[in-house]
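Notes for the one structure printed next.
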Amino acid sequence: MTNPALSVVIPVYNEEGSLPTLFARLYPALDALGTTYEVIYVNDGSRDRSAALLREQWERRPDTTRVILFNANYGQHPAIVAGFEHCRGERIVTMDADLQNPPEEIGKLLAAMDQGHDYVGGVRLAREDSWFRRFASRAMNRLRERITRIRMTDQGCMLRAYSREIVAAIAASREVSTFIPALAYTFASNPAEVDVAHEARAAGKSHYPVYKLIRLNFDLITGFSLVPLQLFSMFGMLVATLALIAYVIVIVYRLFHVHPDDALSVFWDRDILAFFLVGMMLFGLGLIGEYVGRIYHQVRARPRYMIRAVLEAASDEPVERRREDPVQRGLRSPQ
Ligand code: UDP
Ligand code: MG
């Protein structure tokens, strides 16, 4: 058994409603590509019947299906990293389990890779999400473009294809909280983008309420840029300079006018100024806290996730590993 040409990595969290449709559409779409493939599902601690459905699918298609079961919910991106650490394909495609990324579009990504690109991102045409999500992601895309070196038209689209080298680099990055599409971009030598269709969720609802979206974007911004911190110190310098100038003006003014009860005192309001500065200071503290928190996470070096079990066929070990094992080779030789 050789390594497949394509690995499809799919994080799954409470998707019992979507999984049957996913199975029904994904496998025919992959068969139609005419390459060897494997599908790796990472069950991210689902509390519904997702794990049972994945096991059934594995029993139905053990040759092309592998299932990694987390013992708890660690998040979409750690789930993808686990898939990356276990996949064997030459090319790796990530997609969501809810069919918002049509599996029939995978061929487009691979066609772009055939032209020599090592990283192909999808750009969702006609997004089927709420207006709030579309507005928020447009704003975040714009902010990211300005303060990081990462150039992506649609950072939120998870239908993406990666070369083996990029996936290996991501798996080797020991970052605790990260944003896979952006991390991949930093390793890519020749990235490209293609337009892909987007559909409404097959079933269930989004797992990203506003709070989680904000967290995710913090990961993205602080994970790939120090600009927020630098902006803050620059603002500090600006305020200090302005304060100094204002102070000089006030002193000079008072030297010449004995009654300071007019012009300057009109806009010189200590309370408002103090409120403003305290607000900025708290904001800055929070910002520094965000980076310090990430350092804290990182130095503890906890495992990013724990795997309860991996469902795969007995011969599914990577080929290289098997070759190194003399006992296994001995067992195999009489055949
Ligand atoms: N997901 C996951 N762990 C989580 C949240 C989501 O593995 O904690 C998976 C989910 O099952 C889906 C994908 O990540 O396959 C994207 O999630 P969702 O569709 O809820 O996000 P949205 O499309 O709203 O951005
Ligand atoms: Mg979705």
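Atoms within each ligand, like the ligands themselves, are counted from 1 in listed order. Computation of the quantities below employed the complete heavy-atom set of this structure, encompassing side-chain atoms and omitting hydrogens, waters and symmetry-equivalent molecules. None of these values were measured; they are calculated from a predicted model.
Of the protein's non-hydrogen atoms, the one nearest atom 12 (C) of ligand 1 is E15 OE2, 3.3 Å. Residue, atom and distance of the protein heavy atom nearest to atom 19 (O) of ligand 1 are D98 OD2, 2.6 Å.
Not a single heavy atom of M95 lies less than 4.0 angstrom from ligand 1. Within the structure, the closest approach of M158 to ligand 1 does not fall below 4.0 Å when heavy atoms are considered.
The local environment of CE in M280 is crowded, with over 12 non-hydrogen atoms from other residues, nucleotides or ligands closer than 6.0 Å. Summarising the local packing, CZ of F135 is surrounded by 12 or fewer heavy atoms from other residues, nucleotides or ligands at distances under 6.0 Å.
The Mg ion (ligand 2) has Q100 among its coordinating residues (N/O/S atom, backbone or side chain, under 2.8 Å).
Side-chain contact, Y305 with N71: no donor N or O sits under 3.5 Å from an acceptor N or O. Under the 3.5 Å distance criterion, with hydrogens and angles disregarded, a donor-acceptor pair is assigned to the side chains of E193 and T153. Side-chain atoms of S50 and N43 include no donor-acceptor pair closer than 3.5 Å. No side-chain N or O of R91 forms a donor-acceptor pair with one of T35 less than 3.5 Å apart. One side chain, Y119 or R160, offers a donor N or O that lies under 3.5 Å from an acceptor on the other.
Residue S206 approaches ligand 1 through these ligand atoms, each under 4.0 Å from one of its heavy atoms: 20 (O), 21 (O), 22 (P), 24 (O). Close approach of ligand 1 to N73 is summarised as follows: ligand atoms under 4.0 Å from at least one heavy atom of the residue are 3 (N), 4 (C), 8 (O). Every atom of ligand 1 is numbered from 1 in the order shown, and the set under 4.0 Å from a heavy atom of R201 is 18 (P), 19 (O), 20 (O). Here is the list of ligand 1 atoms found below 4.0 Å of a heavy atom in G75: 3 (N), 8 (O).
Between F70 and Y13, the ring centre distance reaches or exceeds 6.0 Å.
Here D96 has heavy atoms under 4.0 Å from ligand 1 in both its backbone and its side chain.
D98 has its closest N, O or S atom to the Mg ion (ligand 2) at the position named OD2.
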